[in-house]
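Nothing fancy with the numbering, it's 1 onward along the sequence.
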Amino acid sequence: MGILCFGASSTLLCGEDGNSVLGLGGGDGEVVEAGSGLDFLEAGALFPVDCDEVVGVLVLKEIDHQPKGGYVERLEQGGFEASWRKDAMDWICKVHSYYNFGPLSLCLSVNYLDRFLSTFNLPHDKSWMQQLMSVACLSLAVKMEETVAPLPVDLQVCGAKNMFEARNIKRMELVVMETLNWRLHAVTPFSFICCFLDKFSEGKPPSYMLASRCTELIVGTVKDYRFLSFRPSEIAAAVVLLALVENQVIGFSSAIAASEIPVNKEMIMRCYELLVKKRRNLSASLSAPQSPIGVLDAACFSFRSDDTTPGSSPSNNNNSGNKDQASAPASKKRRLSTSPI
């Protein structure tokens with residue numbers, strides 16, 4: 001499966017199809033966005049040789065799949081929305097790692113979360129809704145992307161503050177989908193990676209290591225709200241350029257000057273600079289002695305079979321952990337083994 005699959009059938013669970021979301025006419029099931037991780041390397045280059053038209057359409061449509069204006073500014077100021085996003089992001093990332101979901105599942109769940117938070121009138125007196133919202137966003141993303149998806153109630157692991165019944169999660173899913181105008185087939189940076197790799201590499205087939213690095217960089221942006229200031233196409237272009245520069249394939253200045261992709265070059269440069277800054281900060285933190293908090297943060301992203309649930313005893317929990325490992329789906333798509341953040 002690739003970034004864009006031709007002749008694929010839509011897996012949407014709502015009334016729209018892939019063509020109506022992306023604005024790509026010309027027949028049923030011709031073009032459906034279905035990319036995730038490194039799947040496009042297994043199937044070959046699924047983009048047409050001349051992918052400019054497809055990218056142009058995605059660039060026009062991506063604005064419909066971004067948070068409402070003013071959201072980033074409100075997050076910068078802190079407060080209620082920022083607190084809800086931080087708690088939701090922390091929990092979603094833990095569960096994503098626990099189940100070893102694919103990178104696109106994480107991107108989609110965060111996309112739904114940010115779009116919902118930027119639009120929905122949040123109830124300040126119902127703190128339990130933050131957890132329910134997180135479960136609903138992750139559940140919808142998993143249903144959209146994963147080949148084997150656990151039941152929504154089974155997503156409530158990794159220290160979930162509240163436990164909800166399936167019917168309540170289903171109702172919240174409907175609230176989220178209605179708030180997002182049923183646009184779940186979101187345009188993400190993964191939608192552009194294959195084409196941009198082809199463009200900036202001058203048609204040379206990307207290596208698995210290069211594509212893996214692009215995926216790692218994209219996933220590394222989801223938790224940082226500063227990247228919400230950029231469109232998915234701008235993030236994708238900056239990510240590809242950084243991965244190629246790191247591997248000494250191209251020089252950034254010459255590549256961006258010669259680029260003819262329909263993306264704002266100034267925004268690509270700003271995003272590139274933020275990625276480089278983030279990489280430097282990460283390198284500095286890794287070289288410094290790790291604090292107890294850092295150790296705990298790292299542990300949050302490791303697969304733990306002894307994860308406790310509310311009301312469970314330590315002895316019972318060990319048994320349930322073994323069952324979780326035994327029942328983990330073996331027929332998943334190929335996924336990265338690295339942690340999400």
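Within a 6.0 Å radius of CE in Met267, more than 12 heavy atoms belonging to other residues, nucleotides or ligands are found. Around NZ of Lys86, the count of heavy atoms belonging to other residues, nucleotides or ligands within 6.0 Å does not exceed 12. Heavy-atom neighbours of Glu178 CD from other residues, nucleotides or ligands within 6.0 Å: at or below the threshold of 12.
Residues Val72 and Ser229 share a closest heavy-atom pair of CG1-OG, 3.7 Å. In this structure, Val142 and Pro150 approach most closely via the heavy-atom pair CG1-CD, 4.0 Å. Considering every non-hydrogen atom in both His65 and Val187, the closest pair reads ND1-N, 3.1 Å. Residues Pro103 and Phe190 approach most closely at CB-CZ, 3.7 Å, considering heavy atoms. The two residues Leu140 and Val176 have their closest heavy-atom pair at CD1-CG1, 3.8 Å. Here the closest heavy-atom approach between residue Phe192 and residue Ala236 is recorded as CB-CB, 3.7 Å.
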task: For the pair Val110 and Lys223, evaluate side-chain contact (heavy atoms from CB on, under 4.5 Å) and give the outcome as yes or no after the intermediate values.
output: CA-CA 8 Å; Val110 176; Lys223 204 169 184 179; over 6 Å; no
message: Walk me through whether Glu246 and Arg213 qualify under side-chain contact (heavy atoms from CB on, under 4.5 Å).
response: CA-CA 10 Å; Glu246 286 179 341; Arg213 178 55 176 160; 2.7 Å; yes
task: Apply the test salt bridge (Lys or Arg N to Asp or Glu O under 4.0 Å) to residues Glu266 and Arg270: give CA-CA distance (whole Å), side-chain angles for both, the deciding distance (0.1 Å), then the verdict.
output: CA-CA 6 Å; Glu266 181 179 352; Arg270 291 182 182 179; 2.7 Å; yes
- request: Take Lys199 and Val240 through the side-chain contact (heavy atoms from CB on, under 4.5 Å) test and state the conclusion after the steps.
  value: CA-CA 10 Å; Lys199 290 289 186 181; Val240 168; over 6 Å; no
- prompt: What do the steps show when you test Arg85 against Tyr71 for side-chain contact (heavy atoms from CB on, under 4.5 Å), and what is the final call?
  reply: CA-CA 11 Å; Arg85 185 182 192 271; Tyr71 177 62; 3.5 Å; yes
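Tyr112 places none of its side-chain heavy atoms less than 4.5 Å from the side chain of Ser139. Annotation: side chain of Tyr99 is not in contact with side chain of Lys94 (no heavy-atom distance under 4.5 Å). Side-chain contact between Asn168 and Glu165: present, with at least one pair of heavy atoms (C-beta onward) separated by less than 4.5 Å. For the pair Asn162/Phe164, a side-chain contact is recorded, criterion being any heavy-atom separation below 4.5 Å from C-beta on. In this structure, Ile268 and Phe230 have side chains that are not in contact, with every pair of non-hydrogen atoms separated by 4.5 Å or more. Side-chain contact check for Leu106 versus Cys93: some heavy-atom pair is nearer than 4.5 Å. Side-chain contact between Glu173 and Lys143: present, with at least one pair of heavy atoms (C-beta onward) separated by less than 4.5 Å. Two residues are said to be in side-chain contact when any heavy atoms from C-beta on lie closer than 4.5 Å; Leu138 and Trp91 meet this criterion.
For Phe116, the ring-ring contact (aromatic ring centres under 6.0 Å, His included) partners two or more places apart in sequence, or in a different chain, are Phe120.
A distance of 9.0 Å separates OG in Ser191 from NE2 in His185, rounded to the nearest 0.5 Å. Here the straight-line distance linking atom CE of Met172 with atom CE of Met177 works out to 11.0 Å at 0.5 Å rounding. Atom SG of Cys137 sits about 11.0 Å away from atom CE of Met89, to the nearest 0.5 Å. Rounding to the nearest 0.5 Å gives a distance of 10.0 Å between CZ of Arg226 and CG of Leu275. How far SG of Cys271 is from NZ of Lys278: 11.0 Å, rounded to the nearest 0.5 Å. Here the NE2 atom belonging to His96 is positioned 8.0 Å from the CZ atom belonging to Phe101, to the nearest 0.5 angstrom.
Below 30°, between 30° and 60°, or above 60°: for Phe252 and Tyr272 the angle between ring planes is below 30°, a parallel geometry. Classified by interplanar angle (parallel below 30°, tilted 30° to 60°, perpendicular above 60°), the ring pair Phe80/Trp84 is tilted.
Using a 4.5 Å cut-off between side-chain heavy atoms of Ile, Leu, Val, Met, Phe, Trp and Tyr, with links allowed through other members, Leu60 and Leu58 fall into different hydrophobic clusters. Following chains of ILVMFWY side-chain contacts shorter than 4.5 Å, one can reach Leu132 starting from Leu151, so the two form part of one hydrophobic cluster.
A donor-acceptor contact closer than 3.5 angstrom is absent between the side chains of Glu145 and Ser105. Between the side chains of Ser212 and Glu216, no donor-acceptor pair of N or O atoms lies under 3.5 Å.
Side chain of Glu62 to main chain of Ser233: a donor-acceptor pair is present (N/O by atom type, distance under 3.5 Å, no hydrogens or angles). Not one N or O on the side chain of Arg231 forms a donor-acceptor pair closer than 3.5 Å with the backbone of Val263. Here the side chain of Asp87 pairs no donor or acceptor atom with the backbone of Gln130 at under 3.5 angstrom. Looking only at distances, no side-chain donor or acceptor of Ser118 sits under 3.5 Å from a matching main-chain atom of Pro67. Between the side chain of Glu146 and the main chain of Gly102, a donor-acceptor pair closer than 3.5 Å is present.
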